[in-house]
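Attaching a single structure in structure tokens format; questions to follow.
Quick note on labels: first sequence line is chain A, next is B, and so on, each numbered from 1.
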Protein chains: 2
Amino acid sequence: MSLRFALLGLLSDQSMSGYDLTKRFEQSMGNVWPARHSQIYPELNKLNKEGLIEIVAEGPRGRKEYRATEDGRAAVHHWLTEIPTEWSIRSEPMLRSFFLWMLSPEEARTYLRDYRTWFQQRLDGYNEIKQYWTPETEGEKASRVVLEAGVYQAEAAIAWANWALEQYGDTRDSDA
Amino acid sequence: MSLRFALLGLLSDQSMSGYDLTKRFEQSMGNVWPARHSQIYPELNKLNKEGLIEIVAEGPRGRKEYRATEDGRAAVHHWLTEIPTEWSIRSEPMLRSFFLWMLSPEEARTYLRDYRTWFQQRLDGYNEIKQYWTPETEGEKASRVVLEAGVYQAEAAIAWANWALEQYGDTRDSDA
DNA sequence: ACTAGACATGTACCGTATGACATGTCAGTA
DNA sequence: TACTGACATGTCATACGGTACATGTCTAGT
């Protein structure tokens with residue numbers, strides 16, 4: 001159910017095409033809820049048939065720009081306020097961490113360094129965006145708040161990785 | 001693919017039944033990779049047919065205790081070292097946060113307080129475990145390291161929620 | 001003797017998600 | 001003119017995941 005509300009929410013803020021939405025999912029949205037175009041396009045057609053979104057413009061190459069209808073925005077509101085949140089998350093990096101004991105210390109450290117590097121790059125990217133991006137729409141202002149969550153999470157992930165590296169006998173303190 | 005390696009990894013550390021594994025997923029494992037018994041039992045049968053796990057004991061009520069074979073452990077090692085990690089995670093709570101702008105400030109604050117409360121309870125639970133649980137197997141020692149990741153993440157989530165609450169005009173500093 | 005609850009395993013259906021296949025347009029450049 | 005790459009939308013087969021259905025056993029308490 002989450003994908004449809006993600007689309008509906010994005011289309012409540014700005015009108016966009018499936019292509020634009022796909023790019024959104026490749027960037028910001030994909031960090032918390034991944035989706036490919038093969039899932040997005042059919043869902044948009046469903047949403048359109050159900051009257052939750054409507055086509056506001058057509059462009060070159062069959063481009064169709066959608067926006068949420070009043071019903072669509074109401075559906076998001078209902079989801080946010082009435083449907084209980086699924087709190088548990090799905091994280092392969094953390095799942096893998098459960099099994100580091102099956103690796104040699106050096107292999108485990110390699111994994112933890114990769115882990116740290118990945119989050120460090122996220123963090124750098126987030127800070128970059130914070131510097132050069134000025135949110136305009138209401139949705140973008142809220143995205144700015146979520147971006148900050150990414151910063152907090154990334155910092156925590158890096159701090160944990162450093163702590164874990166010590167547990168696995170690491171001597172150095174940072175990498176690339 | 002992740003579920004099979006989760007099962008294989010757990011069964012590399014200790015022999016367990018599907019029922020035991022299901023309980024594991026309801027607790028620690030489920031925090032990072034949820035799975036129900038309806039998914040676990042068929043996967044165990046597949047793993048068994050493929051020779052990656054074997055039955056080591058049978059108990060009352062048709063209980064079957066499995067453990068990973070040498071091939072099974074090798075498969076986990078291969079996964080950990082050769083298969084690229086899927087870094088992106090799936091988090092409905094964060095997805096919802098993107099759309100807080102569609103709520104009234106009071107509704108948004110309610111959500112953020114629920115968010116904070118949930119992670120606070122996680123954190124309390126983790127600290128409880130840290131106090132009373134002494135890891136014994138290698139797998140449990142590694143789980144202890146992952147538990148610490150949960151602590152770091154929960155603390156970051158709470159800190160962010162407090163920051164976000166300020167953005168949404170909250171005056172108070174804590175709740176239940 | 002009965003009963004409730006934990007133990008224990010399984011299947012079936014339906015919706016979600018992925019990767020591959022498929023097709024075509026438009027703009028810029030060589 | 002030819003080519004490349006971004007733009008743009010779609011489908012299909014398969015696999016993954018969740019809810020509900022289905023069945024039966026064992027233990028402890030009443």
task = Taking only Lys NZ, Arg NE, NH1 and NH2, and the carboxylate oxygens of Asp or Glu, determine whether B/Glu106 and B/Arg113 approach each other closer than 4.0 Å.
result = yes

key: Verdict with supporting geometry, B/Trp160 and A/Val151, side chain to side chain contact (heavy atoms under 4.5 Å, CB included)   = CA-CA 9 Å; B/Trp160 171 75; A/Val151 170; over 6 Å; no

task = Send over the distance from B/Asp20 CG to C/dT9 C1', rounded to a whole Å.
result = 13 Å

inquiry  = On DNA chain D, does the nearest nucleotide to A/Tyr41 precede the nearest nucleotide to B/Pro34 from the 5' side, or the other way round? Give the residue.
reply    = A/Tyr41

note = Of all heavy-atom pairs linking B/Gly72 and B/Leu8, the shortest is O-CG, 3.7 Å

inquiry  = So A/Met94 and B/Gln153, do their side chains get closer than 4.5 Å, heavy atoms only?
reply    = no

query = Within the pair A/Gln39 and C/dT18, is there a side-chain N or O less than 4.0 Å away from OP1 or OP2?
reply = yes

key: Check: A/Trp79 main-chain N/O paired with B/Arg96 side-chain donor or acceptor under 3.5 Å   = yes

query = Looking at residues at least two apart in the chain, or sitting in another chain, which of them share a salt bridge (Lys or Arg N to Asp or Glu O under 4.0 Å) with A/Lys141?
reply = A/Glu138

task = Would you grab the first and last nucleotide of DNA chain D (5' to 3') that comes under 4.0 Å of any non-hydrogen atom in chain B?
result = D/dC16 to D/dC26

message = Has A/Asp20 got a side-chain atom pairing as donor or acceptor with A/Ser17's backbone, closer than 3.5 angstrom?
response = yes

key: Per-nucleotide protein contact string for nucleotides 2-7 of chain C (B base, S sugar-phosphate only, - none; heavy atom under 4.0 Å)   = -----B

key: Whole angstrom value for the distance that separates P of C/dT11 from CG of B/Asn45   = 7 Å

Separation of C/dT16 P from A/Arg36 CZ (nearest whole Å) = 17 Å

query = In whole Å, what is the span from the CZ atom of A/Phe25 to the C1' atom of C/dT18?
reply = 15 Å

ask   = Is any side-chain nitrogen or oxygen of A/Arg90 closer than 4.0 Å to OP1 or OP2 of C/dT16?
value = no

message = Regarding A/Ser17, tell me which of base, sugar-phosphate or nothing describes its non-hydrogen contacts under 4.0 Å with the strands shown.
response = sugar-phosphate

request  = Describe, in one word, how the ring planes of A/Phe119 and B/Trp87 are oriented to each other, choosing from parallel (under 30°), tilted (30 to 60°) and perpendicular (over 60°).
outcome  = perpendicular

ask   = Checking all strands, does A/Arg4 fall into the base, sugar-phosphate, or nothing category for heavy-atom contacts under 4.0 angstrom?
value = nothing

key: Between C/dA17 (P) and A/Glu43 (CD): distance, integer Å   = 9 Å

task = Provide, to the nearest angstrom, the distance between the NZ atom belonging to A/Lys46 and the C1' atom belonging to C/dC14.
result = 11 Å

query = So, does B/Thr69 use its side chain to make a donor-acceptor pair with the main chain of B/Leu52 at under 3.5 Å?
reply = yes

